[in-house]
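First up is the structure itself, then whatever we jot down about it.
Since the model is a prediction, treat every value here as computed from it, not as a measurement. Just so you know, these numbers use all the heavy atoms, side chains as well, and skip hydrogens, waters and symmetry mates.
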Amino acid sequence: MNKDIFLSNSLGNKKEKFVPINKDNLGMYVCGPTVYDDPHIGNARPLVVFDILFRVLKCKFGEKKVTYVRNITDIDDKIILSSVEKKISTKELTDKITKNFHEDCVYLGCQKPTFEPKATENIPLMIEMINQLIDNGYAYLKNDHVYFEVKKFKDYGKLSNKNIDELIAGSRVEVSENKKNPEDFVLWKPSKKEEPFWESPWGKGRPGWHLECSVMSKKYLGNKFDIHGGGRDLIFPHHENEIAQSRCANQNEVFANYWVHNGFITMSNEKMAKSQGNILKINEFKKNINGQVLRLALMSAHYKQPLDWNDKLINQCQNTLNKWYENFIEIKKQVLIPEDFLKPLYDDLNTPGYIANLHMLFDKSLKGDLKDKEVFVSACNFIGLLTDTKKEWLDSKKSKSLISEKEILLKISQRNKAREDKNYKLADDIRKELLNKGVLIEDTDGRTTWKLK
């Protein structure tokens, strides 16, 4: 097997062989949540995508040689607006949403990043970077605001592969009479009365969103690092602005070598977004669905492609995991996964290809010996699946059932009565109702048995 890792690099828009700056100290920065509201399933996709990339990099280069930084944005206009609407302080809000976010990460089986800095913990460093940009001639002060002057950075638009006019026309750029040019973006803004603020050379205020990630990535990974990741909606303006301010502040030619972006989650081919009114929050799934089902669903399409979210997808993933757990054996330690088996993940995180390999390995394990079963479980564990014991899986299915055992038996009794009365439509309706609630019934030798899907 070719052990090289290949990644689709948005900077240049092509798949490239991954060559780290230092193979003994790799750096990856991924934009984390803005904690103004509970995460939705669209937010879950980058969590799982970059969790898998983290695992692959550690497998290739070594457990202790990869630094994964994922930030928490805990000061932002959206946070202030949400806290006012909820009539609580910004700290109460961000503490609550951050806690929920961490619970969602555990639910989805994501490993903890190496570092998870908060924006509010790094304000002095942000002020320092703004001063560097002013000193280097890339930023200007106007009415207590500090702006980055985009036209002074010659490579602006290179990540998006568009010129400034195209970028402005295709996005919502903040309009302000304080700006020299429409494309300029804010580095520091004054806080209104009752809003959170920090002291700065430009008065009481707070940093711009784009600046936060530039500062936190530099703190943990340096002026130049290997991989920067996030959703494709962040390419412009967020990541474009990060590149501009980081390179101009640090006076270097490279910020991150590889830019990896995941595609959107859609519903009926419409992007999932609050403005569309089609948001599904992660915590809404917890009552009825094991997190591994969502994790498998999120891996079912290549990370670059759109993923259409629907009940059929969830049911398919539920049934797959049920099948795998029915033939599950617990292993005391991980066994070596054949190198050829990992090939799809090394080739631009091809999770559908890896899942296809899992299905083949599962079929082999049914006919094979103990070693084949151990390899199958280890291969599932590698991407965060089959991490429960068999008992935990079965117990979670029972606890997450949409209907109690007493109700199931009552429905079966009603169905049997309907069949005796030759009311086959009613009998079939009851069967469908149970199926929709996650209960599969089977008629064998004159008796009806049931099990959870």
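Between the side chains of Asn322 and Glu326, not a single donor N or O lies within less than 3.5 Å of an accepting N or O. Side-chain contact check for Lys224 and Asn252: no donor-acceptor pair (N or O, by modelled atom type) lies under 3.5 Å. A side-chain N or O of Asn381 and one of Gln334 form a donor-acceptor pair less than 3.5 Å apart.
Among the candidates Cys31, Ser246, Ser10, Ser217, the single residue satisfying the side chain to side chain contact (heavy atoms under 4.5 Å, CB included) test with His228 is Cys31.
Between the Arg70 side chain and the Leu47 main chain, no donor and acceptor come within less than 3.5 Å of each other. Under the 3.5 Å distance criterion, the side-chain polar atoms of Gln245 are matched with a main-chain donor or acceptor of His210. Looking only at distances, a side-chain donor or acceptor of Asn43 sits under 3.5 Å from a matching main-chain atom of His40. Side chain of Ser378 to main chain of Val335: a donor-acceptor pair is present (N/O by atom type, distance under 3.5 Å, no hydrogens or angles). Distance alone, capped at 3.5 Å, places no donor-acceptor pair between the Arg232 side chain and the Phe264 backbone. A distance-only check finds no donor-acceptor pair linking the side chain of Arg295 to the backbone of Val48 [under 3.5 Å]. Looking at Lys179, its side chain does come within 3.5 Å of a backbone N or O of Pro182 through a donor-acceptor pair. Looking at Lys162, its side chain never comes within 3.5 Å of a backbone N or O of Gly157 through a donor-acceptor pair. Here the side chain of Asp226 pairs no donor or acceptor atom with the backbone of Pro20 at under 3.5 angstrom. No donor-acceptor distance shorter than 3.5 angstrom exists from the side chain of Tyr29 to the backbone of Asn71, with no hydrogens or angles considered.
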For a side-chain contact (heavy atoms from CB on, under 4.5 Å) check, start with the C-alpha distance between Asp155 and Ile243, then their side-chain angles and the critical distance, and finish with the verdict. CA-CA 9 Å; Asp155 285 338; Ile243 291 171; over 6 Å; no
Asp144 vs Lys204, test: salt bridge (Lys or Arg N to Asp or Glu O under 4.0 Å). Steps then yes/no. CA-CA 9 Å; Asp144 301 325; Lys204 295 178 179 180; over 6 Å; no
Could you walk me through whether Tyr325 and Gln292 satisfy the side-chain hydrogen bond (donor to acceptor under 3.5 Å, both in side chains) test, starting with their C-alpha distance in whole Å, then the side-chain angles of each, then the deciding distance to 0.1 Å, before giving a yes or no? CA-CA 12 Å; Tyr325 266 107; Gln292 291 180 70; 3.1 Å; yes
Determine whether Ile265 and Leu298 satisfy the following criterion, side-chain contact (heavy atoms from CB on, under 4.5 Å), listing intermediate values before the conclusion. CA-CA 9 Å; Ile265 286 186; Leu298 290 162; 3.5 Å; yes
Is there a salt bridge (Lys or Arg N to Asp or Glu O under 4.0 Å) between Lys152 and Asp184? Walk through the geometry before answering. CA-CA 10 Å; Lys152 289 192 173 181; Asp184 296 348; over 6 Å; no
Stepwise side-chain hydrogen bond (donor to acceptor under 3.5 Å, both in side chains) check, Lys78 with Ser82: CA-CA 6 Å; Lys78 290 180 180 177; Ser82 182; over 6 Å; no
Would you check, one step at a time, whether the test side-chain contact (heavy atoms from CB on, under 4.5 Å) holds for Asp38 with Glu284? CA-CA 10 Å; Asp38 288 331; Glu284 294 171 8; over 6 Å; no
Test Trp188 against Leu211 for side-chain contact (heavy atoms from CB on, under 4.5 Å), laying out the working first. CA-CA 9 Å; Trp188 187 266; Leu211 183 79; 5.7 Å; no
Begin with the C-alpha distance, continue with both residues' side-chain angles, and end with the deciding distance and a verdict on side-chain hydrogen bond (donor to acceptor under 3.5 Å, both in side chains) for Thr114 and Tyr220. CA-CA 10 Å; Thr114 318; Tyr220 293 97; over 6 Å; no
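By the 4.0 Å N-to-carboxylate-O rule, Lys118 lies too far from Asp74 to be salt-bridged with it. Under the 4.0 Å criterion applied to side-chain N and carboxylate O atoms, Asp51 and Arg55 are assigned as salt-bridge partners. Here Lys391 pairs with Asp395 in a salt bridge; the nearest charged N to carboxylate O distance falls below 4.0 Å.
Ring pair Tyr138/Phe148 is parallel by interplanar angle, where below 30° counts as parallel and above 60° as perpendicular. Classified by interplanar angle (parallel below 30°, tilted 30° to 60°, perpendicular above 60°), the ring pair Trp209/His238 is parallel. Classified by interplanar angle (parallel below 30°, tilted 30° to 60°, perpendicular above 60°), the ring pair Phe376/Phe362 is tilted. Note: His145 and Tyr147 have parallel aromatic rings, judged against thresholds of 30 and 60 degrees for the angle between ring planes. Ring geometry for Tyr354 against Phe382 counts as tilted: the plane angle lies between 30° and 60°, on a 0 to 90° scale. Taking the six-membered ring where the residue is Trp, His261 and Trp259 present parallel rings, their angle staying beneath 30° rather than reaching 60°.
When side chains are defined from C-beta on, Ile227 counts as touching Leu53, because their heavy atoms get closer than 4.5 Å. The shortest side-chain heavy-atom distance between Asp95 and Val35 does not fall under the 4.5 Å cut-off. Within the 4.5 Å cutoff, the side chain of Lys323 has heavy atoms near those of the His359 side chain. No side-chain heavy atom of Val146 sits under 4.5 Å from any side-chain heavy atom of Leu133. Between Glu85 and Leu81 there is a side-chain heavy-atom pair separated by less than 4.5 Å. With contacts defined as side-chain heavy-atom distances shorter than 4.5 Å, the pair Lys65/Asn22 does not qualify. A heavy-atom distance below 4.5 Å is not found between the side chains of Ser300 and Gln316.
At most 12 heavy atoms of other shown residues, nucleotides or ligands fall within 6.0 angstrom of atom NZ in Lys112. Environment of CZ in Phe197: sparse, with no more than 12 heavy atoms of neighbouring residues, nucleotides or ligands closer than 6.0 Å. A 6.0 Å sphere centred on CG of Asn223 holds more than 12 heavy atoms belonging to other residues, nucleotides or ligands. Environment of NZ in Lys390: crowded, with over 12 heavy atoms of neighbouring residues, nucleotides or ligands closer than 6.0 Å. Crowding of Asp311 atom CG: a count of heavy atoms from other residues, nucleotides or ligands under 6.0 Å not exceeding 12. Residue Lys219 qualifies as enclosed at atom NZ: its count of foreign heavy atoms under 6.0 Å is above 12.
Between the CG atom in Asn357 and the CG atom in Leu361 there is a gap of 8.0 Å [rounded to 0.5 Å]. Rounded to the nearest 0.5 Å, atoms NZ (Lys23) and NZ (Lys60) are 10.0 Å apart. To the nearest 0.5 angstrom, Ile123 atom CD1 is 12.5 Å from Glu199 atom CD. Going from atom OG1 of Thr94 over to atom CG of Asp76 covers 11.5 Å, rounded to the nearest 0.5 Å. The distance from the CD1 atom of Ile282 to the OH atom of Tyr107 is 8.5 Å, given to the nearest 0.5 Å. The CG atom of Leu385 lies 7.5 Å from the CD1 atom of Ile355; values are rounded to the nearest 0.5 Å.
Taking both residues in full, the closest heavy atoms of Phe18 and Leu7 are given as CD1-CD1, 4.2 Å, listed atom of the first, atom of the second, then distance.
The side-chain tip of Lys180 points at the ring of Tyr140 from less than 6.0 angstrom away and within 45° of straight on.
Phe115 has its ring centre no less than 6.0 Å from the ring centre of Tyr68.
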